[in-house]
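One is the number of the first residue; the rest follow in order along the sequence.
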Amino acid sequence: MEGIAFSPSNNFNCYPKIHPIKTLTQIPFRFCNYKTNNPNQSHLSFSINSSKTSQTPITQPPPLVVVGSANADIYVEIDRLPTEGETISAKNGQTLAGGKGANQATCGAKLSYPTYFVGQVGDDAHGKLITQALGNGGVRLEYLKSLGGGVPTGHAVVMLQSNGQNSIIIVGGANMSSWPDKLSDQDLDVVKNAGIVLLQREIPDSVNIQVAKAAKGADVTVIMDAGGMDAPMPQELLKFVDIFSPNESELGRLTGMPTDNFEQISLAAAKCHKMGVKQVLVKLGAKGSALFIEGEEPITQPIIPAAQVVDTTGAGDTFTASFAVALVEGKSKRECLNFAAAAASLCVQVKGAIPSMPDRKSVLNLLQSV
């Protein structure tokens, strides 16, 4: 296939780790010479005791902000799914950190892009597991809340078959409970100062609407991953979304249209355009992906074959987050698709969503080899 070359020195830059800060409201903002897809966006910078020293401020690009879910994924490895009324034995079982929001945040951080996660976990062992996994992945956790009162961390049962395919049952827990009716100014501040915002549907729509509205008002790009609850997408949410990213089945459910072939998918994407979303990024599994921009020809991207498919659980989240990182770094849409395809190809070769997130060097090496 025809690949796009990414040079680590000229195209995708790695950034130094930034020492923890309390809130974004403590950080002054100034423009720095960093390429971004939002020409009106200011860039984060801060200095230590800047009033008492002439130390040069440390700068970072406007961050990726992921608002969403964090789950403990309870994996059971099976040869096949049980039929109705049947009990089968699993070959193995273990609990790993996951959830669409946590997956996407870890992916952004592992790609060496400054990433914040806004979400909720319970004050329990699963919550500690997720917090540790996110922190180890380099995600900024100032906006991750631990809930008391017996609210459990969200969790999911992942039935992983020997061919790498999976079926998942989600228990919302803290992801769906105890969100405030109105998000705090502190939470919305990090959204308004983001370079790009990622949302999914494993938290209440009311939260997503507030976040998307705040981002839109600050001219911050919003990508909405359609994965999560199987319910109609509120029109109030769609009007604040810049890029809507479903897979084939999610696109079909949203539009009520068949999505069995590319022509049908194109028509369903066109219906999304009429619903107010100008860009529709469709994940097509083994068939790759396609970006449908209203008034333009679709941009298609084949998969980059994996050496071995072990687990597809986090592939979609890896794809969406990698696309977002490339986009906020100023890459063309075709480059974004290619970068995301490479990241997803690496993700499926490791079991567990968060453990499988690839680093930037691995993605760039794969792109240079295809």
Side-chain angles (χ1 to χ4, degrees), residues 66 68-107 119-122 124-131 133-134 147 150-179 199-205 207-208 224-233 245-254 283 285 309-320 344 347-348 350-357:
V66 182
S69 60
N71 288 328
D73 289 343
I74 304 167
Y75 275 80
V76 289
E77 297 180 29
I78 54 179
D79 290 322
R80 59 175 178 83
L81 294 175
T83 59
E84 186 175 348
E86 181 185 20
T87 300
I88 63 174
S89 295
K91 295 183 292 184
N92 192 17
Q94 66 182 127
T95 302
L96 300 170
K100 293 188 71 65
N103 293 345
Q104 292 176 3
T106 304
C107 180
Q120 300 185 154
V121 296
D124 52 26
H126 285 165
K128 293 178 176 63
L129 171 73
I130 292 166
T131 302
L134 287 168
L147 304 179
V151 178
T153 299
H155 54 281
V157 178
V158 182
M159 293 172 282
L160 180 62
Q161 299 178 68
S162 54
N163 62 359
Q165 298 303 311
N166 62 72
S167 300
I168 303 173
I169 302 171
I170 296 174
V171 180
N175 295 316
M176 298 298 294
S177 302
S178 304
W179 286 90
L199 303 173
Q200 327 81 37
R201 300 199 72 201
E202 290 182 348
I203 61 174
D205 283 332
V207 176
N208 280 331
M224 179 79 214
D225 189 309
M229 68 180 75
D230 183 10
M233 183 76 67
S245 184
N247 60 28
E248 297 164 272
S249 59
E250 291 159 352
L251 179 63
R253 287 199 302 268
L254 173 72
K283 299 177 282 277
V309 177
V310 175
D311 180 9
T312 61
T313 303
D317 296 328
T318 301
F319 181 91
T320 306
C347 170
V348 301
V350 181
K351 184 172 69 175
I354 285 181
S356 69
M357 295 301 166

From [atom1] ([X]) to [atom2] ([Y]), nearest 0.5 Å:
X: N208; Y: L199; atom1: CG; atom2: CG; value: 4.5 Å
X: N103; Y: I354; atom1: CG; atom2: CD1; value: 5.5 Å
X: L96; Y: N71; atom1: CG; atom2: CG; value: 12.5 Å
X: M176; Y: S69; atom1: CE; atom2: OG; value: 10.0 Å
X: K283; Y: S245; atom1: NZ; atom2: OG; value: 2.5 Å

So, for [X] and [Y], which heavy atoms are closest and what is the spacing to 0.1 Å?
X: A174; Y: W179; result: O-NE1, 3.8 Å
X: S178; Y: L147; result: CB-CD1, 3.9 Å
X: A315; Y: V348; result: CB-CG1, 3.6 Å
X: A70; Y: T153; result: O-CG2, 4.1 Å

With sequence neighbours left out, what residues match [X] under side chain to side chain contact (heavy atoms under 4.5 Å, CB included)?
X: N166; result: V158, L160, I168, D311, T312, T313
X: L254; result: M233, F244, C272, M275
X: A344; result: F319
X: A90; result: V76, I78

Worksheet entry | Results of salt bridge (charged side-chain N to carboxylate O under 4.0 Å, His left out) for D124 - residues two or more places apart only | none

Practice prompt. Taking salt bridge (charged side-chain N to carboxylate O under 4.0 Å, His left out) as the test, write out the residues that go with E250, two or more places apart.
Written response: none

Item to complete: For residues 155-179, pull every pair meeting salt bridge (Lys or Arg N to Asp or Glu O under 4.0 Å), keeping only residues two or more places apart or in separate chains.
Response: none

Worksheet item: With sequence neighbours left out, which residue pairs that include part of residues 88-102 fulfil the salt bridge (Lys or Arg N to Asp or Glu O under 4.0 Å) condition?
Response: D79-K91, K100-D225, K100-D317

Results of side chain to side chain donor-acceptor pair (under 3.5 Å) for [X] - residues two or more places apart only:
X: S167; answer: none
X: S89; answer: none
X: Q200; answer: Q104
X: Q94; answer: K351

Is there a side-chain contact between [X] and [Y] (heavy atoms, below 4.5 Å)?
X: R80; Y: I88; result: yes
X: T106; Y: L134; result: yes
X: Q161; Y: L81; result: yes
X: P152; Y: H126; result: no

Worksheet entry | Verdict with reasoning, D230 to R201, per side-chain contact (heavy atoms from CB on, under 4.5 Å) | CA-CA 9 Å; D230 183 10; R201 300 199 72 201; over 6 Å; no

Fill in: E248/R253 salt bridge by N-O under 4.0 Å criterion
no

Item to complete: Verify side-chain contact (heavy atoms from CB on, under 4.5 Å) between D73 and T95, making sure each step is shown before the conclusion.
Response: CA-CA 5 Å; D73 289 343; T95 302; over 6 Å; no

Worksheet item: Ignoring hydrogens and geometry, is there a side-chain-to-backbone donor-acceptor pair from Q120 to S177 under 3.5 Å?
Response: yes

